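None of these values were measured; they are calculated from a predicted model.
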Amino acid sequence: MRLITRSTTDASSFEYMYGRSPLRWLNDGLDIAPGLVESWSSNDDATEWTLHVREGLRWSDGQPVTSADALYWWQDLVLNEDHPATVPDSARSGKGTPMRLTAPDDMTLVLRFDAPTPLLPLYLANLVNAPEQGVDWFLPKHYLKQWHPKYNRSIRGEDWPAGHDQKVNFLTNPECPTLTGWKVRSYDEGLVVKWERNPYYWCVDRDGNQLPYVDTLSMTAVQDPQVAKLKLQEGGCDFIYGYFLGLTMADAAGLQRAQSRSGMKLHFWDSGSASGSVFFFNYDYMEPEVRKLIRAPKFRQALSHAFDRGDAQKSIYYNTGEKTTGTYSPMAIEYQVNEQGQGFYRRWRDSYVEYNPGKAKKLLDELQVVDSNGDGWRERPDGGELKIRIDYPADTSEEHQRKNNLLKRDWEEIGIAVQLNPVPPTSFQDQWASGKLMSQGAWDVGDGPDHLTGPWWFVPIESSRWAPLQGQWWQIQGTPQEHTQLDVDPWKRTPPRIEPEPNGPVARLWKEFATARTEPDTLKRYQAVWEMIKIHLAEGPFYQGTVANYPIIVYQHAELLNVPVRAELAQGGGPFTWAHPLPAVYDPESWYWDAPEQHASA
């Protein structure tokens, strides 16, 4: 099966394979099923969980999977102060403190928490397909210990984690054992990654036949979007989930016309997107006067009212989806449970969505963001120059660039100077996490399948969304770093981090988040989420959306079977989130060729 990717290290590669997950999502996030963990149970207050690892699991080199592989990840990497791995949410209690992990035998793990942690099964289905997130749970100890100083005395120096972690990445290192349906056969940097069947993959079909059916995957890197689209139209790819290449509704007509010559067929899944192309400020921007303005709710509300989403909906999304301030995925369970939940979704979606430049100007005037020097542009309240810089990775898709151009047009109409600033992709995250970038204009919000197990937009607990330094403060809680560098400038700490303002929105979100995560009663958890939405309503938008739940292109070879169509999916596709890995949740290992002899491996 031939695939196209933007680069040989693109994170989307992990989204094709779900075999590494302790547990896994079913039915578009509505249900949880066993994965590497075959069964699980907790005590009455959910402070202790017992996980039973599936019997007979083997790494792709044939070595058995045991509880020692989980202990290696936890004890030798996460809890090792010399290694940069952080504690993921799946390993934190409802209070946010790290678990205690023990293994009474080779196939059993016991997780003990200092507070009720009823969401653990949901967390165990999240994000295990992305090693760059540090969420591994099971690592091949028998292979990796060669590069760990605890097990190999010849490994010395402070830089050992870098060498070790290069070996961990099974996407770029063909020698690293994996648990996915395919393993890397060859890696050609910047050109192509070739995968072959994992002979020890643990999944079979209903008749007991070994999966995957397809013998090889070939992921070819195509950086130029136009070249990638041409390759699709000429039949040079067998499957693409359109988001991975930045395909939008503008591309649908061309792909449809090419079906007869490409041998492909076009269909759509619902995106479950909460935002379409999103814009958000860096709430922890390092310049204090600008940061003060960014943190003023009226400022962000004014900019939201100044944005003509109807124009964007028409020109970018071809009148699909629904205009939104920016919420969580419309498919999130907290919105689906009852009318109260639906009401909270509508209130949040519509809160600052109205296109009203007059209202925007009034809010800015109230903040004293006015043209104080008569040059035609509004200044900051202290009289300093105000220029919104829309930062975005230079390789971002046309969808985001078009939206950014509309933002520039609309905001300049109300007297705000705007600069579009493409940033080298390789340095974007480092600059963002250190507070050097002012904004981000190139993402899409979906996260679910609920608000609590994919909370990264809802609550700042990591470094890539709207409050990165506060997110990094969250991440080091309970680690040896927690009480270090407190006398150092927050933007110069390692990592850069800052404590939330007392009683500020982030502190209140963290408090409600802790309450929700420890609540065993499902309905009460939903109510806690609704209370958190009230903070977003009153002091947001912390991120600004365009349209929600637009269609996502799926383009597949007509002879590739078992790929589901929208009508066969529990919620039509999505939710649009890395936590619910598409297309991995639809089991590409079970896709097969109608005429396999015509698709022989090279």
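- Separating the CG atom in L437 from the CD atom in Q431 is a distance of 4.5 Å, to the nearest 0.5 Å.
- Between the side chain of R92 and the backbone N or O of V87 there is at least one donor-acceptor pair closer than 3.5 Å.
- Look at K524 and E519 and you find no salt bridge, because none of the NZ, NE, NH1 or NH2 atoms lies under 4.0 Å from a carboxylate O.
- Taking the six-membered ring for Trp and thresholds of 30 and 60 degrees, F513 and W474 have ring planes inclined between 30 and 60 degrees apart.
- In this pair, W269 and Y241 present their aromatic rings tilted. The plane angle is within the 30 to 60° band.
- Between W25 and H580, the two ring planes are tilted [angle within 30° to 60°].
- With respect to the salt-bridge test (charged N to carboxylate O, under 4.0 angstrom), the residues K150 and D76 qualify.
- For the residue pair W40 and T50, no side-chain donor N or O sits within less than 3.5 Å of a side-chain acceptor on the partner.
- When all heavy atoms of I388 and L303 are compared, the pair lying nearest together is CD1-CD1, 3.6 Å.
- S463 and Q429 are linked by a side-chain donor-acceptor pair at a separation below 3.5 angstrom, with hydrogens and angles left out of the test.
- One finds no salt bridge joining R525 and E334 here, because no Lys/Arg side-chain nitrogen approaches an Asp/Glu carboxylate oxygen to under 4.0 Å.
- For T484 and E482, the side-chain atoms include no donor-acceptor pair closer than 3.5 Å.
- The existence of a salt bridge linking E339 and R346 is confirmed by a sub-4.0 Å separation between a basic side-chain nitrogen and an acidic carboxylate oxygen.
- Between K534 and E531 a salt bridge is recorded (basic side-chain N to carboxylate O distance below 4.0 Å).
- The aromatic rings of F542 and Y283 lie perpendicular to each other, with more than 60° between the two planes, well past the 30° mark.
- Using modelled atom types and a 3.5 Å distance limit, the side chains of Y335 and H451 yield a donor-acceptor pair.
- Residues W466 and F458 place their aromatic rings such that the two centres sit no closer than 6.0 Å.
- Here the side chain of N404 pairs a donor or acceptor atom with the backbone of G441 at under 3.5 angstrom.
- To the nearest 0.5 Å, the span separating CD1 on I32 from CG on L26 amounts to 8.0 Å.
- Rounded to the nearest 0.5 angstrom, S90 OG and L120 CG are separated by 7.5 Å.
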Stepwise, does the side chain to side chain contact (heavy atoms under 4.5 Å, CB included) test hold for V53 with T108? CA-CA 6 Å; V53 181; T108 307; over 6 Å; no
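- By the 30° and 60° cut-offs, the orientation of the rings of W457 relative to F280 is perpendicular.
- Of all the heavy atoms in A548 and P330, the pair that sits closest is CB-CG, 4.3 Å.
- Between the T97 side chain and the S93 main chain, no donor and acceptor come within less than 3.5 Å of each other.
- Looking only at distances, no side-chain donor or acceptor of D45 sits under 3.5 Å from a matching main-chain atom of P116.
- The CD atom of E354 lies 10.5 Å from the OG1 atom of T325; values are rounded to the nearest 0.5 Å.
- No hydrogens or angles considered: a donor-acceptor pair under 3.5 Å links the side chains of T453 and D450.
- Between H148 and Y72, the ring planes lie perpendicular to each other; the angle is over 60°, past the 30° to 60° tilted range.
- The backbone N or O of G35 sits less than 3.5 Å from a side-chain atom of R54, completing a donor-acceptor pair.
- At least one cation-pi condition fails for R309 and F307: the charged atom is not both under 6.0 angstrom from the six-membered ring centre and inside a 45 degree cone around its axis.
- For Y18 and Y16, the ring centers are positioned 6.0 Å apart or more.
- In this structure, D28 and G573 approach most closely via the heavy-atom pair OD2-N, 3.0 Å.
- Looking at D270 and Q571, their side chains never bring a donor and an acceptor atom within 3.5 Å of each other.
- R291 contributes a side-chain N or O that, together with a main-chain N or O of M286, makes up a donor-acceptor pair within less than 3.5 Å.
- A side chain to side chain donor-acceptor pair (under 3.5 Å) with Y352 holds for exactly one of H305, Q301, R300, Q544; it is Q301.
- Remark: R493 does not engage D487 in a salt bridge, criterion side-chain N to carboxylate O under 4.0 Å.
- Using modelled atom types and a 3.5 Å distance limit, the side chains of D521 and Y526 yield no donor-acceptor pair.
- Side-chain atoms of D444 and H400 form no donor-acceptor pair, as typed in the model, at a separation below 3.5 Å.
- Atom CD1 of I461 sits about 10.0 Å away from atom CD of Q477, to the nearest 0.5 Å.
- Going from atom CE of M99 over to atom CG of L111 covers 4.5 Å, rounded to the nearest 0.5 Å.
- No donor-acceptor pair under 3.5 Å is formed between the side chain of T396 and the backbone N or O of Y392.
- Defined by atom type and a distance below 3.5 Å, a donor-acceptor pair is present between the side-chain atoms of T47 and N43.
- Taking a 6.0 Å sphere around CG of D105, one finds it holds more than 12 heavy atoms contributed by other residues, nucleotides or ligands.
- Side-chain atoms of Y123 and R517 include a donor-acceptor pair closer than 3.5 Å.
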